[in-house]
**Q** 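The structure under discussion is supplied below as structure tokens; questions concerning it will follow.
Within every chain, numbering begins at 1; the chains are lettered A, B, ... in the order of the sequence lines, protein sequences first and strands thereafter.
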Amino acid sequence: MLENKFKEDFAQKAAEAFKSQYQDKYKEIGDEQVFSASFIIANIEKPKDPSKGRFAFPVFRYGKLLGDNPPSIASKISEAISNSENQLITVTSIVGFINVQTNFEIEASETIKTAIRQDAKYGSSDIGKNKKILVEYSSPNIAKPFGIGHIRTTILGHSLRRIFLKLGYEAIGLNYLGDWGTQFGKMIVAYKKWADDSIAGKETVEDLLKLYVRFHGEAEENEDLETQARDEFKKLESGDAENKALWEKFREISINEFQRVYDVMGIEFDWITGEAFLNDKMETTIDAFEKANLVSQSDGATIVDLKDDQLPPVLLKKADGATLYLTRDLSGYLYRVKEYNFDEMLYVVAVNQSVHFQQMFKALAMLEDAQFVPDENRMSSKGKHIEFGMIKFGDKMMSTRKGHIIFLEDVINEAAKLAKEKIAEKTPDLENIDEVALQIGLGAIFYSQMSVRRQKDVNFKWEEVLSFEGETGPYLQYTHARLSSLIRKFNSPMDAEIDFSLLDNKEEKRIVELVADFPQAVADAARMYEPNMIANHLIELAAAFNKFYQRKNADGKPDKIISDNKELSKARILLVKSVQIVIREGLYLLGIKAPEAM
RNA sequence: GCCCUCGUAGCUCAGUAGGAUAGAGCAUCGGUUUCCUAAACCGAGUGCCACAGGUUCGAUUCCUGUCGAGGGUACCA
């Protein structure tokens, strides 16, 4: 918390300045709250234009209180601070803002040393200490292939897990497979009717998809199929052996396929489970709602009326007695409460399921109300739907049912292929070409999802996902490779005394600021459940570094990082090292690998 | 009908605890490589921040309404 050192110094001095400059008013007002250092520090902000100052403090709110105009207040306070002993900061004032510059040598020295000392831990903190957070993500449906539609939940959730781990949380990544539900009735009907005997036992997910698509195609003509599907699922749920065997077959084919894709993508989970896991817990859940007197019958179905105009009732059981997705999710929540006693339970699921989660959280709250659970023990409010926008293709929604699907693996293969071509052209003697090509391909894909705020719908465009130039994953990776290359090239020891005052141009200054602000970016990303904030920060840092890398001296000659000026080179290479750490760790938080060369 | 999300440059998007002249990338045009990786860098132009009100010293940001796009709205997930 290096930055605080400067902020605290400023806040302290500003508080004193208010007291001395406005003695009479200060006493009259009596309320010292808004003049306290802690209030000031909380209201410090960052100018959009970094050249204005490292941070700023607007004084408009004091205008009425002090009976003085803001520009005058700002100038009086800043003058008073300037007249005091200042090691750390320099202040100036303009139109009601007090702008603060930090002592750059100190900030540079401490930022760089901290980053290098903490290395992979840079940006971490202990704000999540003793807190447990569950993150449910990916959660593909069995018997459907892994499509591009699954990419956002997978990448977002995976990144959030890593971000929370970095902040000291016990973060548990959960893959909750859609391995139960009426869709299996559909699959079973389709399989029994149309399965190709010649490939029996060797079916792939694609074969299952064909059956699924055919079912929906024919069901449009023949409504009876839907009824048959419900019957088959009902049979499955009551333990029919033949259907159980088919279900296990579908499940195994899918899981093997998923695992292969996760391995390629480098996606990790702490617990892979599924809806079927909850089958024996459903009755307990329904009992709990019954005991709480929340259950009623409606049109033959077993429901919980949420007493809310905005929300449809929760269906615990369909008229035929079979359970639904929501029943299973409620059971899952109650199970996880018991098993993990979490502080937060994040559901990284697309926005089209928002009603589902509203229903779920409301039902859980009603259950706790009925059970008179005291506030401090309530768990129902700890669930959060981390929603994200839909993926469209050619401006249309993707629909698995209609077979409109882009296989994630095809996207990955295509990206890796293009990356490999590019390497062959640029760095043909690179050793581990295939490995790096995959890293870059994945970097492009991952970044394309991370560069947009999660609430936005995104239109899948091959040329955007496969772009390696401009604000992209490969740009960050390329920058990392450059940084790594510099460090390799500078093969003198780095432990000598460094004169950080040699770092004095505006490019170096900007880089130090961005390195120093990385921990804040990580914390912000966690607060907003928005990895995009880290992606943005990395792009800014990479751009600042690349600018520095290609900067020219006044004479128009390249100002090289490694030069004959030994002392300057040493200081700069440490700066380079700190940037490398931030880019590498930042990319890690996004789930992207940082190659040493490419 | 009702509910949720989104609406910023030609295109894709940042701007996320309200702040000082609204920023990037792509695309277009021009420049930079005797090379610390040109997947880069430099320069050039573009905006009634959907619209209308409100709150505030100050609104792209918060509130209300309108319009537009997408999603959802009990026996799918």
Side-chain angles (χ1 to χ4, degrees), chain A residues 42 45 47-49 52 56 58 60-61 63-64 69-70 94-97 99 139 141 144 178 180-183 185-186 226 229-230 275 298-303 309-315 317-320 322 324-326 328-329 349-356 358-359 387-390 392 395 397 401 419 422-423 425-427 440 451-453 455-459 461 463-464 467-472 474-475 477-479 481-482 484-486 488-490 524-525 527-528 530 532-533 535-536 539-540 542-543 546-547 549-552 558 560-563 569 573 576 597-598:
Chain A
E45 61 189 40
K48 274 184 191 151
D49 175 2
K52 288 198 168 67
F60 303 95
R61 70 176 73 245
K64 273 183 191 159
N69 64 74
I94 183 167
V95 298
F97 289 92
N99 290 326
S139 306
N141 286 325
K144 292 190 201 173
W180 204 250
T182 313
Q183 83 252 27
K186 296 175 182 175
E226 298 278 359
R230 279 192 289 273
E275 298 182 47
S298 171
D299 295 336
T302 305
I303 67 160
D309 296 343
Q310 247 65 292
L311 291 175
V314 170
L315 264 81
K317 279 185 177 177
K318 300 194 280 192
D320 66 7
L324 287 129
Y325 171 49
L326 186 45
R328 290 186 286 279
D329 247 355
V349 178
V351 64
N352 61 355
Q353 292 192 37
S354 61
V355 172
H356 167 82
Q358 285 172 37
Q359 287 178 288
E387 60 183 25
F388 55 86
M390 310 297 285
K392 295 181 286 185
D395 279 320
M397 289 298 155
R401 295 184 176 193
K422 190 106 189 192
I423 295 171
E425 168 196 327
K426 300 273 178 185
T427 335
I440 293 168
S451 61
V452 180
R453 254 165 60 225
Q455 289 88 344
K456 291 219 180 195
D457 289 345
V458 296
N459 216 337
K461 288 193 183 135
E463 66 270 28
E464 276 171 16
S467 166
F468 297 164
E469 280 160 31
E471 292 175 349
T472 63
Y475 173 75
Q477 293 171 309
Y478 175 73
T479 306
R482 259 188 173 171
S484 305
S485 169
L486 281 167
R488 278 195 301 274
K489 201 143 280 185
F490 182 87
D524 286 344
R527 176 172 57 83
M528 303 299 295
E530 188 60 278
N532 159 261
M533 299 177 87
N536 288 343
I539 286 287
E540 263 193 80
N546 282 318
K547 186 168 185 154
Y549 184 87
Q550 280 172 230
R551 99 187 270 276
K552 293 198 166 77
K560 295 198 172 180
I561 289 168
I562 302 171
S563 67
S569 301
I573 210 72
V576 164
M598 64 188 265

**Q** Please name all residues satisfying side-chain hydrogen bond (donor to acceptor under 3.5 Å, both in side chains) with A:S354, sequence neighbours left out, ordered by chain then number.
**A** none
**Q** Taking only the P atom of each, what is the distance from B:G70 to B:A77 in whole angstrom?
**A** 26 Å
**Q** Work out how far the C1' atom of B:C48 is from that of B:A59, and round it to whole angstrom.
**A** 15 Å
**Q** Just to be sure I understand the rule, does A:P70 reach a base, reach only the sugar-phosphate, or reach nothing, if contact means heavy atoms closer than 4.0 Å?
**A** nothing
**Q** Round to the nearest Å and state the distance from A:K422 atom NZ to B:A40 atom C1'.
**A** 10 Å
**Q** Using the C1' atoms only, state how far B:G30 lies from B:U12, rounded to an integer number of Å.
**A** 24 Å
**Q** Roughly how far, to the nearest 0.5 Å, is the CD atom of A:Q353 from the CD atom of A:Q359?
**A** 11.0 Å
**Q** When you compare B:G68 with B:C62, how far apart are their C1' atoms, in angstrom units rounded to a whole number?
**A** 22 Å
**Q** In what stems does RNA chain B take part, counting only runs of at least 3 consecutive Watson-Crick or G-U pairs whose two distances fall under 3.5 Å?
**A** B:1-7 with B:67-73, B:10-13 with B:23-26, B:28-32 with B:40-44, B:50-54 with B:62-66
**Q** A:K489 side chain N/O closer than 4.0 Å to the phosphate oxygens (OP1, OP2) of B:U37?
**A** yes
**Q** B:G19 phosphate, OP1 or OP2: any side-chain N/O from A:K48 under 4.0 angstrom?
**A** no
**Q** Figure out the CD1/C1' separation between A:I440 and B:U37, and round it to whole Å.
**A** 12 Å
**Q** If the sugar-phosphate is the primed atoms plus P, OP1 and OP2 and the base is the rest, what is the B/S/- string for nucleotides 4-12 of chain B, using protein heavy atoms under 4.0 Å?
**A** -SSS----S
**Q** With a centroid cutoff of 5.5 Å and a plane-angle limit of 30°, would you call A:F60 stacked on B:G19?
**A** yes
**Q** Tell me, please, which residues at least two apart from A:R551 pass side-chain hydrogen bond (donor to acceptor under 3.5 Å, both in side chains).
**A** A:E507, A:D559
**Q** Applying ring pair (Phe, Tyr, Trp, His ring centres under 6.0 Å), can you list everything that pairs with A:F97, at least two apart in sequence or on another chain?
**A** A:F60
**Q** Just jot down the side-chain hydrogen bond (donor to acceptor under 3.5 Å, both in side chains) partners of A:T479, sequence neighbours excluded, or say none.
**A** A:N546
**Q** Using salt bridge (charged side-chain N to carboxylate O under 4.0 Å, His left out) as the criterion, list what pairs up with A:D49, not counting sequence neighbours.
**A** A:K52
**Q** Under the side-chain hydrogen bond (donor to acceptor under 3.5 Å, both in side chains) rule, collect the residues that match up with A:E387, sequence neighbours excluded.
**A** none
**Q** Strictly under 3.5 Å: I want the nitrogen or oxygen pairs between protein and nucleotides 41-49 of chain B, one per line.
**A**
residue	atom	partner	partner atom	Å
B:C41	OP1	A:Y475	OH	2.7
B:C41	O4'	A:Q550	NE2	2.9

**Q** Reckon A:L324 touches a base, only the sugar-phosphate, or nothing at all at heavy-atom distances under 4.0 Å?
**A** sugar-phosphate
**Q** Go through the structure and list residues passing salt bridge (charged side-chain N to carboxylate O under 4.0 Å, His left out) with A:E45, not counting sequence neighbours.
**A** none
**Q** Not counting sequence neighbours, which residues clear salt bridge (charged side-chain N to carboxylate O under 4.0 Å, His left out) with A:R482? List them please.
**A** none
**Q** Taking only side-chain N and O atoms of A:R328, does any of them lie within less than 4.0 angstrom of OP1 or OP2 on B:A77?
**A** yes
**Q** Using the salt bridge (charged side-chain N to carboxylate O under 4.0 Å, His left out) criterion, which residues pair with A:D524? Sequence neighbours excluded.
**A** A:R527
**Q** Looking at A:S485, I'd like to know whether one of its side-chain N or O atoms comes within less than 4.0 Å of OP1 or OP2 on B:U37.
**A** yes
